[in-house]
Amino acid sequence: MLNIVLFGPPGAGKGTQSEKIIDQYKLVHLSTGDLFRKHLGEGTELGKLAQKYMDEGNLVPDEVVIGMVKDKIATTIDPQGFIFDGFPRTVAQAVALEDMLNDFDTSISGMIALDVPDEELKKRLLERGKTSGRVDDQDETKIDNRIQVYKNETLPVAEFYEKQGKYNKIHGVGAIEEIYLAIRRVMDGL
């Protein structure tokens with residue numbers, strides 16, 4: 001199984017690139033953002049709790065996220081692999097993901113990290129906020145907070161995978177297709 005962690009700060013292009021990767025490699029897309037939005041749309045208690053954290057630009061607590069991810073993995077029939085988009089966001093989640101995948105006799109094949117400067121992220125998120133309807137994409141203070149949370153709490157996940165020799169950094173600014181070709185070169189080597 002090919003299991004990829006697609007990594008980067010908010011606005012780095014993970015969603016755009018994950019669509020291309022899924023089409024090419026037939027991986028199951030596992031996005032915590034999508035899982036949260038599903039629960040929000042259904043009005044579940046988990047969705048309401050996730051919304052509170054997301055609206056503040058903060059991370060949803062590990063135990064909530066991990067439970068949703070495990071359920072998604074367990075209920076997927078005969079996957080060729082998964083692309084983890086926006087997860088893991090903490091080292092504790094990365095360790096929990098490793099344990100979870102071991103239970104399913106698989107592991108992470110590699111991390112692909114999209115590297116984008118902060119000013120470009122802010123520009124992209126504000127632009128996306130004009131059409132996405134997402135409150136956390138429309139407010140510069142919340143965007144700044146999300147980027148800071150990423151640096152403080154999420155960036156250490158890259159070090160976790162780097163120590164395992166699974167970290168692959170991709171320059172995330174430029175034409176979408178050029179970035180995708182750089183990702184494919186990495187993935188084809190895994």
Side-chain angles (χ1 to χ4, degrees), residues 1-19 21-22 27-77 79 81-114 121 125 128 132-137 142-143 145-164 166-167:
M1 231 189 316
L2 182 63
N3 297 309
I4 302 298
V5 174
L6 187 59
F7 191 74
K14 296 181 298 293
T16 300
Q17 294 300 333
S18 68
E19 288 177 19
I21 294 166
I22 291 162
L27 302 178
V28 175
H29 186 231
L30 202 153
S31 162
T32 52
D34 288 348
L35 291 174
F36 295 151
R37 284 184 279 281
K38 175 184 179 285
H39 283 274
L40 291 172
E42 294 172 0
T44 68
E45 287 305 311
L46 182 59
K48 292 174 188 172
L49 181 62
Q51 183 68 61
K52 175 181 170 271
Y53 288 97
M54 290 165 60
D55 283 348
E56 295 168 358
N58 292 318
L59 298 177
V60 177
D62 286 353
E63 61 273 8
V64 175
V65 179
I66 291 164
M68 292 189 330
V69 170
K70 186 169 188 172
D71 180 66
K72 176 71 173 175
I73 292 170
T75 58
T76 303
I77 299 169
F82 292 90
I83 180 165
F84 295 93
D85 175 2
F87 180 84
R89 291 191 182 199
T90 65
V91 172
Q93 288 179 1
V95 170
L97 179 59
E98 291 287 314
D99 291 343
M100 249 190 277
L101 292 176
N102 283 338
D103 291 344
F104 296 101
D105 294 321
T106 191
S107 64
I108 293 298
S109 307
M111 169 187 269
I112 295 174
L114 296 173
L121 295 172
L125 290 169
R128 184 172 78 183
S132 72
R134 289 178 55 177
V135 175
D136 57 346
D137 284 348
K142 288 180 181 177
I143 290 171
N145 183 54
R146 288 168 64 202
I147 292 170
Q148 200 55 49
V149 167
Y150 168 80
K151 288 179 179 179
N152 294 340
E153 298 180 31
T154 307
L155 203 51
V157 175
E159 295 170 23
F160 176 83
Y161 287 109
E162 190 168 25
K163 287 177 185 172
Q164 296 180 15
K166 296 180 180 181
Y167 175 81

About how many Å separate [atom2] of [Y] and [atom1] of [X], when rounded to the nearest 0.5 Å?
X    : Y    : atom1 : atom2 : value
S109 : N3   : OG    : CG    : 5.0 Å
T32  : K72  : OG1   : NZ    : 12.5 Å
M1   : I108 : CE    : CD1   : 10.0 Å
S18  : I112 : OG    : CD1   : 11.0 Å
L6   : I83  : CG    : CD1   : 4.5 Å
M68  : D34  : CE    : CG    : 10.0 Å

Using side-chain heavy atoms (C-beta onward) and a distance below 4.5 Å, is [X] in contact with [Y]?
X    : Y    : result
V149 : R89  : no
I73  : F84  : yes
M111 : V157 : yes
I147 : N145 : no
T76  : F82  : yes
F160 : V95  : yes
L30  : L35  : yes
I143 : P10  : no

Query raised in the report: Do any pairs count as a side-chain hydrogen bond (donor to acceptor under 3.5 Å, both in side chains) and have a residue in residues 94-104, sequence neighbours left out, and if so which ones?
Result: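 The answer is none; no pair qualifies.
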**Report entry** Within residues 5-16 or reaching into it, pairs that qualify as side-chain hydrogen bond (donor to acceptor under 3.5 Å, both in side chains) - sequence neighbours excluded
**Finding:**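 Every pair satisfying side-chain hydrogen bond (donor to acceptor under 3.5 Å, both in side chains) with a residue in residues 5-16: there are none.
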Could you list the residues that satisfy side-chain hydrogen bond (donor to acceptor under 3.5 Å, both in side chains) with [X], not counting sequence neighbours?
X    : result
N152 : Q148
Q17  : none
E162 : none
K166 : Q164

Query raised in the report: Got a sec, which residues hit ring-ring contact (aromatic ring centres under 6.0 Å, His included) with Y150, two or more places apart in sequence or on another chain?
Result: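 If we apply the ring-ring contact (aromatic ring centres under 6.0 Å, His included) test to Y150, skipping adjacent residues, the hits are F7.
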Report task. Would you please name every residue forming a ring-ring contact (aromatic ring centres under 6.0 Å, His included) with F87, sequence neighbours left out? Result ->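 In terms of ring-ring contact (aromatic ring centres under 6.0 Å, His included), with neighbours along the sequence ignored, F87 is linked to no residue.
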Query raised in the report: Can you check whether V135's main-chain N or O pairs, donor with acceptor, with K142's side chain at less than 3.5 Å?
Result: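 Not confirmed, K142 side chain does not pair with V135 backbone.
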Output all residues satisfying side-chain contact (heavy atoms from CB on, under 4.5 Å) with [X], sequence neighbours left out; order by chain, then residue number.
X    : answer
A96  : I66
E159 : none
T90  : L59, D62, A92, Q93

Query - Closest contact, heavy atoms only, Y161 versus A94 - result: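 Result for this residue pair: OH-CB, 3.9 Å.
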**Report entry** Nearest atoms (heavy-atom pairs only) where P79 meets V28
**Finding:**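 Scanning both residues, the minimum pair turns out to be CB-CG2, 3.9 Å.
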Query raised in the report: Got a sec, which pairs hit salt bridge (Lys or Arg N to Asp or Glu O under 4.0 Å) with one end in residues 145-154, sequence neighbours left out?
Result: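 Of all non-adjacent pairs touching residues 145-154, those that pass salt bridge (Lys or Arg N to Asp or Glu O under 4.0 Å) are D118-K151, D136-R146, D137-R146.
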